[in-house]
Amino acid sequence: MLDAQAQLEILRRGVDQIVPEAEFLKRLERSIRENRPLRVKYGIDPTGIDVHLGHTVPLRKLRQFQDLGHKAVVIIGNYTAMVGDPSGRDETRSALTAEQVAANARDYLKQVGRIIDLEKAEVHHNGDWFGKWGFLDVLDLMRRMTLGQISAREDFAKRIKDEKPVYLHECLYPLMQGWDSVEIDADVELGGTEQLFSLLVARQLQPLRGQEPQIAMTMPILVGTDGTRRMGKSLGNYIGVAESPEEQFGKVMSVPDEPMAQYFTLLTDLPQPEVRELLAEGTNPRDAKEVLGKSIVAQYHGREAADRAAAAFRRRSAGEDPLEIPVVHLSADKLDAEGRIAAPALLKEIGFEASTSSARRVIEGGGFNVGPRREVVTDPKALVYVKDGLIVRSGKRKIAEIRLV
RNA sequence: GGGUGGAUACCCAAGCGGUCAACGGGGCCAGACUGUAAAUCUGGUGGCUCUGCCUUCGCAGGUUCGAAUCCUGCUCCACCCA
């Protein structure tokens with residue numbers, strides 16, 4: 001096992017705050033001395049089915065702890081999910097039903113397993129304990145915090161100021177999260193920066209059961225593919241860990257140049273000096289982003305798939321067709337006697353566009369071309385001669401070879 | 001319980017009797033540029049048998065030659081006072 005200082009150095013990467021830091025170092029030292037791994041908690045609420053790169057920031061940290069010999073404890077917040085985490089939001093989350101949550105939870109674990117070693121991890125559902133609670137238990141928990149403490153939270157304070165609703169059950173969220181730490185006797189808890197409040201609640205609760213208060217370790221919030229707002233499912237600016245290599249790579253390339261440094265730090269293990277070199281003045285940001293994209297895709301799909309995705313991307317930006325062109329079937333009776341079909345109808349039939357109207361727009365905009373010579377069709381009234389094997393393209397990303405049936 | 005404000009296309013948000021398929025922004029799509037799906041610029045963004053027609057502005061009715069805009073009822077949401 002590495003000594004405490006060496007561990008701290010590794011674990012520090014990309015971390016925002018360790019509260020309290022001095023205590024963390026001592027805890028690491030003791031863990032080594034007594035050969036007792038730290039219990040490192042990370043909670044995730046199964047609110048949707050997609051684990052994205054934003055979640056992987058703390059998950060990757062958890063993995064680092066595992067690799068250093070510590071114990072990863074994953075909490076599936078099936079009960080907290082029904083409350084909805086108010087952190088970092090300026091509005092109430094919509095509540096989920098128990099069935100939705102259960103279904104999501106199963107899917108989550110599968111995805112989380114892509115990052116951490118589930119074999120060696122401990123997994124709990126917080127419904128395991130909250131599900132057994134009675135009303136008096138809830139009261140006893142609520143006794144631990146005042147309205148003033150709760151409403152001092154930035155997100156609640158902001159909502160109150162903006163005259164937006166704050167529901168009572170939301171106030172329970174940080175307490176529930178804190179209690180999870182008591183149940184599993186956490187040494188460290190990971191979370192995003194906006195989680196600090198919730199992470200510290202546990203420190204108040206743990207002594208009630210004679211436990212040492214946990215260390216809070218916060219990670220920066222990853223920005224989404226739009227380069228400004230936090231990555232999130234509801235904002236539609238996320239890259240999912242379960243997405244295909246091509247999707248992941250393409251989405252990485254579509255991230256603005258500015259957040260690249262953050263992505264390198266939080267999503268890859270590339271040593272910082274190398275990162276600095278890649279992002280240095282005068283280098284093409286495209287190349288840095290390609291390294292970034294490959295590194296991320298490789299984590300979920302392997303080196304080879306990452307290289308393939310990058311190569312396919314290069315072909316596309318060079319204006320070449322991809323190596324594998326998907327085949328679509330077109331019923332021959334859609335064609336007229338001379339084997340023609342109206343251009344908008346063609347786009348709709350092969351599923352490139354949802355409506356004739358939108359197909360017309362693409363055509364008029366110059367986005368539609370056919371055949372080896374890429375003849376551009378801009379007249380929405382044009383009739384296209386369709387032969388078996390005709391290649392049609394719409395925009396830069398849609399391409400297909402037609403097979404008449 | 002009382003009061004006030006609100007519900008408009010994917011999201012935010014104008015419009016308040018005709019010139020409204022509905023300003024503006026975001027997002028998204030396409031084009032130009034760039035060996036980035038970045039940035040920037042341009043165009044588009046309900047549907048159709050498309051120089052016209054059909055269906056949209058919380059729901060249901062009504063007034064009017066004509067309504068997203070006025071009236072009535074309903075549903076939903078929020079805030080304030082108690």
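Below, chain A is the first sequence line, B the second, and so on; all start at residue 1.
When atom types are taken as modelled, the side chain of Asn284(A) and the backbone of Arg286(A) share a donor-acceptor pair closer than 3.5 angstrom.
Nucleotides G3(B) and U69(B) place their P atoms 25 Å apart, quoted to the nearest Å. C23(B) and G46(B) are spaced 9 Å apart, taking the P atom of each and rounding to whole Å. Rounded to a whole angstrom, the distance from the C1' atom of A22(B) to that of G47(B) is 16 Å.
Salt bridge annotation for Glu246(A)-Arg316(A): absent, with no cationic side-chain nitrogen under 4.0 angstrom from a carboxylate oxygen. With salt bridges taken as basic N to acidic carboxylate O contacts below 4.0 Å, one links Glu304(A) and Arg308(A).
In this structure G43(B) sits in a base pair with C29(B), meeting the Watson-Crick or G-U test at under 3.5 Å. Pairing of U36(B), defined by two Watson-Crick or G-U wobble distances under 3.5 Å, is not identified with any nucleotide. In this structure U19(B) sits in no base pair that meets the Watson-Crick or G-U test at under 3.5 Å. When both distances must be under 3.5 Å, the Watson-Crick or G-U wobble mate of A67(B) does not exist. Pairing for A78(B) is with U4(B), a Watson-Crick or G-U wobble pair whose two hydrogen-bonding atom distances lie under 3.5 Å. G73(B) is paired with C59(B) under the Watson-Crick or G-U wobble criterion, all donor-acceptor distances under 3.5 Å.
Under the side chain to side chain contact (heavy atoms under 4.5 Å, CB included) criterion, Arg209(A) pairs with Trp179(A), Val182(A), Gln211(A), not counting sequence neighbours.
Here Ser357(A) does not reach the OP1 or OP2 of G46(B): none of its side-chain N or O atoms lies under 4.0 Å away.
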Quiz item: Tell me, for nucleotides 23-37 of chain B in 5' to 3' order, what letter each nucleotide earns: B for a base near a protein heavy atom under 4.0 Å, S for only sugar-phosphate near one, - for neither?
Solution: -------SS---BBB
For residues 371-383 of chain A, tabulate all N or O donor-acceptor pairs below 3.5 Å that involve a side-chain atom, not counting sequence neighbours.
{"from": "Arg374(A)", "atom 1": "NH2", "to": "Gly319(A)", "atom 2": "O", "distance (Å)": "3.0"}
{"from": "Arg374(A)", "atom 1": "NH2", "to": "Asp321(A)", "atom 2": "OD1", "distance (Å)": "2.7"}
{"from": "Asp379(A)", "atom 1": "OD1", "to": "Lys381(A)", "atom 2": "N", "distance (Å)": "2.9"}

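Between the P atom of C48(B) and the NZ atom of Lys381(A) lies a distance of 16 Å, rounded to the nearest Å.
A perpendicular orientation is assigned to the rings of His70(A) and Phe65(A), their planes being inclined by more than 60° (bins at 30° and 60°).
When the nearest nucleotides of RNA chain B are assigned to Pro256(A) and Ser355(A) by heavy-atom distance, the more 5′-ward of the two goes with Pro256(A).
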